[in-house]
Undergrad: 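A single structure is presented below for examination.
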Amino acid sequence: MQPVPKCPVRPGDACSLCQPGAHGPEDCGLVWLVMSDPDLREQLAVLRREALAGR
Ligand code: SF4
């Protein structure tokens, strides 16, 4: 069985291929967009910390 990739921009969720044309996080346009923007990347880091703290 293939491991299910996690969505990098929705902490805790598996990748559901929600972006048109994406085959996973590796070619997801939204992930690329977030990672290429320092402000969005910082916000994502905050979300990740909150998600981890909430476990
Ligand atoms: S397609 Fe991209 S945004 Fe959608 S769940 Fe997968 S990684 Fe996340």
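Bear in mind the structure is a predicted one, so any value in this text is a computation, not a measurement.
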Undergrad: I need the single residue from L52, L47, V46 that forms a side chain to side chain contact (heavy atoms under 4.5 Å, CB included) with R49. Which is it?
TA: V46

Undergrad: Which value, rounded to the nearest 0.5 Å, describes the distance between M35 atom CE and C28 atom SG?
TA: 9.5 Å

Undergrad: Using the rule that Ile, Leu, Val, Met, Phe, Trp and Tyr join whenever any side-chain heavy atoms are under 4.5 Å apart, tell me whether L40 and L44 fall into a single cluster.
TA: yes

Undergrad: Of the non-hydrogen atoms in P8 and R48, which two are nearest, and what is the gap between them?
TA: O-NH2, 2.9 Å

Undergrad: Looking only at heavy atoms, what is the nearest atom pair of L17 and H23, with distance?
TA: CD2-C, 3.5 Å

Undergrad: How close do S16 and R10 get, heavy atom to heavy atom, and via which atoms?
TA: OG-NH2, 3.1 Å

Undergrad: If you take all heavy atoms of C15 and G24, which pair is closest and at what distance?
TA: SG-CA, 4.0 Å

